[in-house]
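Before any comments, here is the structure.
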Amino acid sequence: MAVDISLEQLKDYMGSSPRPADFDEYWARGLAELDQQSLEYELVPAEFHSPVAQCYHLYFTGIGGARIHCKLVQPTDAASHPAGPGLVMFHGYACDSGDWFDKIGYAAHGFTVLAMDCRGQGGWSEDALTVKGSTIRGHFIRGIDDPDPDKLYFRNVFLDTVQTARILMSLEGVDPERIAAHGLSQGGALTVACAALEPRVKIAVPVYPFLSDYKQASQLDPTNSAYEELVYYFRFFDPHHQREDEIFGKLGYIDIQNLAPRIQADVLWVTGLADIICPPSTQFAAYNKITSPKEMLLYHEYGHEYLPALSDRTLQKLMQLNL
C-alpha cells in the first residue's frame, strides 16, 4: 500500500518546505489584528429541530469585513447545568459545515458545537478578500501573486478559526477551559491552525490534514492529490520554475507544519498510510513538530476516505474534557 516514503522514514521526516524568517512576526501581526475584531455575533434560529439540541445559524464579522457563518448546536438543557465543553468543527476543501445531524451526537453528550463555513467556499460565509492575479480555480494559492503575504487567502481563514473558537468560549453554557477542535482534510488543517494560534484549545483531533509541506506534496503525485493547483499554477504562470523559491517561501506562511510547534493541546492525529490526496509525509512533517502530548492513529490500508470507528474514537477522545 506504499504511496510515499516508508513508515520508519515517516517517523523521522521533518518536512522539506521552507519556513519564512519572519514567520512568528507574521502571525503575531495577524493575531494583533484579530484582537481588534469584535466577538459580537448574530443568532438566527435554524429550521432544523431536535429534542436534544437547540440549533442556530451564527454570524460574525471576520478579518477584512467578511461575514462568517457557523452552525451552532447546543444541548437543550444547557442553561440548567454547569458550563460544559465546547467543540469547534471545520470542514473539507470547498465544502461546507455539513448537516445539523452530525453535530447532534456531541450535543447529546453535553458539548456546545460551533461549525464554521470557510469564507468563499461551499457554505454561507462570504469572502471579502481582493487580491492581484489569478487564483486558477482554488483557494490555497489565492493571493500568491500579491506582494503582500497578508493577502494570502488562508491567512484570513486561519484567523477565522481563532475567532470562531473565541466566540465559542464566550457563549453562555460553555466552559472556556474545555475547548476542542476537530476536522477532516482541510478541516484537519484548520484544526491544527486553530490549536496553534489559540493556545486555550485543550484537545485537537485533526484527520488526514491538508495544507502541509507544499514542496513535498508537489514532488509526489500532485495531479492526483489535493495539491493539484500548484501544478496548474506553475504550468500557466511559471513553467520554468524561475519563481519556485519565492512561491514555496510565501506558502510557508500558511503551511501547518510551521504552525505545529506552537500547539499546546493534547493531539489525536489520524492518518491513512494509503492516502494519495494528502500524502502521509506531508502530514508527518507537521505531526513530528508537535511537542505537546500527541498520538498518531494509523489506518494502514486506508486513504482519504471513510475510516471505520473513527467517530467513536473521536468522541472518546473528546470526552476526556469531562474527566
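Numbering starts at 1 and runs along the sequence shown. Computed over heavy atoms, backbone and side chain alike; hydrogens, waters and symmetry mates excluded.
Side-chain polar atoms of Y233 and D145 form a donor-acceptor pair below 3.5 angstrom. The closest side-chain donor-acceptor pair between Y253 and D22 falls under 3.5 angstrom.
Take R262 and apply the salt bridge (charged side-chain N to carboxylate O under 4.0 Å, His left out) test, not counting sequence neighbours, and it matches no residue. Annotation: side-chain contact (heavy atoms from CB on, under 4.5 Å) contacts of L315 (sequence neighbours excluded): Y106, H109, M319. Evaluation of the salt bridge (charged side-chain N to carboxylate O under 4.0 Å, His left out) rule for K250 yields no partner, not counting sequence neighbours. Qualifying salt bridge (charged side-chain N to carboxylate O under 4.0 Å, His left out) partners for D221, counting only residues two or more places apart in sequence or in other chains: none.
In plain terms, the two heavy atoms of T282 and Q216 that are nearest each other are CG2-CG, 4.1 Å. Between Y56 and Q74, the closest heavy-atom pair is CE1-OE1, 3.8 Å. The heavy-atom pair separating I104 from A53 by the smallest distance is CD1-CB, 3.7 Å. The two atoms that bring Y214 and L251 nearest to each other are CE1-O, 3.5 Å, heavy atoms only. Residues V88 and C194 come closest through the heavy atom pair CG2-SG, 4.3 Å. Between S17 and D213, the shortest heavy-atom distance links the atoms N-OD1, 3.0 Å.
Without hydrogens or angle criteria, Q257 side chain to F284 main chain gives no donor-acceptor distance under 3.5 Å. The main-chain N or O of A274 is never found under 3.5 Å from a side-chain atom of Y299 such that the two would form a donor-acceptor pair. A donor-acceptor pair under 3.5 Å links the side-chain atoms of E305 to the main chain of G303, judged by distance alone. Between the side chain of D146 and the backbone N or O of K151 there is no donor-acceptor pair closer than 3.5 Å. Distance alone, capped at 3.5 Å, is enough to place a donor-acceptor pair between the N288 side chain and the L10 backbone. Side-chain atoms of Q283 come within 3.5 Å of backbone N or O of C278 as a donor-acceptor pair. The backbone N or O of D99 lies less than 3.5 Å from no partner atom in the side chain of K71, so there is not a single donor-acceptor pair. For T191 (side chain) and A204 (main-chain N/O), no donor-acceptor pair under 3.5 Å exists by modelled atom type. With D117 contributing its side chain and S97 its backbone, the two residues share a donor-acceptor pair below 3.5 Å. Remark: the backbone N or O of S6 is paired with a side-chain donor or acceptor of Q9 at under 3.5 angstrom.
In this structure, the separation between CG on L152 and CD1 on I254 is 5.0 Å, given to the nearest 0.5 Å. Atom CG of residue L259 and atom CD1 of residue I256 lie 8.0 Å apart, to the nearest 0.5 angstrom. Separating the NZ atom in K294 from the CG atom in L268 is a distance of 13.0 Å, to the nearest 0.5 Å. Rounded to the nearest 0.5 angstrom, Q37 CD and I167 CD1 are separated by 9.5 Å. If you take CG on L159 and CD1 on I63, they are separated by 5.5 Å, rounding to the nearest 0.5 Å. One finds the CG atom of L184 at 6.5 Å from the CG atom of L310 (value rounded to the nearest 0.5 Å).
A continuous path of Ile, Leu, Val, Met, Phe, Trp and Tyr side chains, each step under 4.5 Å between heavy atoms, connects F23 with L31, placing both in one hydrophobic cluster. Residues L87 and V52 are members of one and the same hydrophobic cluster, defined by side-chain heavy-atom contacts under 4.5 angstrom among Ile, Leu, Val, Met, Phe, Trp and Tyr. Cluster membership for Y306 and M89, using ILVMFWY side-chain heavy atoms within less than 4.5 angstrom, is not shared. Under the 4.5 Å side-chain contact rule for hydrophobic residues, Y59 and L114 do not share a cluster. Linking ILVMFWY residues whenever their side-chain heavy atoms come closer than 4.5 Å, directly or via other members, places L39 and L58 in the same cluster.
Residues T291 and P261 form no side-chain contact, since every pair of their non-hydrogen atoms from C-beta on lies 4.5 Å or further apart. With contacts defined as side-chain heavy-atom distances shorter than 4.5 Å, the pair N156/R119 qualifies. Between R313 and L307, the closest side-chain pair of non-hydrogen atoms is not below 4.5 Å. Between R67 and W124 there is no side-chain heavy-atom pair separated by less than 4.5 Å. By the 4.5 Å heavy-atom criterion applied to side chains, Q186 and H139 are not counted as neighbours. A heavy-atom distance below 4.5 Å is found between the side chains of L298 and L7. Side-chain contact check for Y93 versus I277: every heavy-atom pair is 4.5 Å or farther apart. Considering only heavy atoms from C-beta on, Y287 stays 4.5 Å or farther from P206 through its side chain.
Surrounding CD of E40 are at most 12 heavy atoms belonging to other residues, nucleotides or ligands under 6.0 Å away. Within a 6.0 Å sphere centred on CZ of F101, other residues, nucleotides and ligands contribute 12 heavy atoms or fewer.
Taking the six-membered ring for Trp, H241 and F234 have ring centres closer than 6.0 Å. Taking the six-membered ring for Trp, F210 and Y227 have ring centres closer than 6.0 Å.
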Original post:
Stepwise, does the side chain to side chain contact (heavy atoms under 4.5 Å, CB included) test hold for F111 with L321?
Top reply: CA-CA 10 Å; F111 285 83; L321 289 173; 4.0 Å; yes

**OP:** Let me see the working for L220 and D4 under side chain to side chain contact (heavy atoms under 4.5 Å, CB included), right down to the final yes or no.
**Re:** CA-CA 8 Å; L220 293 171; D4 206 337; 3.9 Å; yes

Original post:
Would E244 and K215 count as a side chain to side chain contact (heavy atoms under 4.5 Å, CB included) if you check the C-alpha gap in whole Å, the side-chain angles of each, and the deciding distance to 0.1 Å?
Top reply: CA-CA 9 Å; E244 180 176 316; K215 191 167 188 177; 3.7 Å; yes

Original post:
Can you list the steps and then say if W100 with H57 is a ring pair (Phe, Tyr, Trp, His ring centres under 6.0 Å)?
Top reply: CA-CA 10 Å; W100 298 99; H57 298 281; 5.3 Å; yes

**OP:** Determine, step by step, whether I203 and L318 satisfy the side chain to side chain contact (heavy atoms under 4.5 Å, CB included) criterion, reporting the C-alpha distance in whole Å, the side-chain angles of both residues, the deciding distance to 0.1 Å, and the verdict.
**Re:** CA-CA 7 Å; I203 293 179; L318 299 181; 3.9 Å; yes

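With respect to R142 and E229, no salt bridge is recorded, no charged nitrogen being found less than 4.0 Å from a carboxylate O. The existence of a salt bridge linking R19 and D24 is confirmed by a sub-4.0 Å separation between a basic side-chain nitrogen and an acidic carboxylate oxygen.
Residue pairs that meet the salt bridge (charged side-chain N to carboxylate O under 4.0 Å, His left out) test with at least one member in residues 266-282, sequence neighbours left out, are D266-K317. Screening residues 173-187 for salt bridge (charged side-chain N to carboxylate O under 4.0 Å, His left out), with sequence neighbours left out, gives D175-R178, E177-K202.
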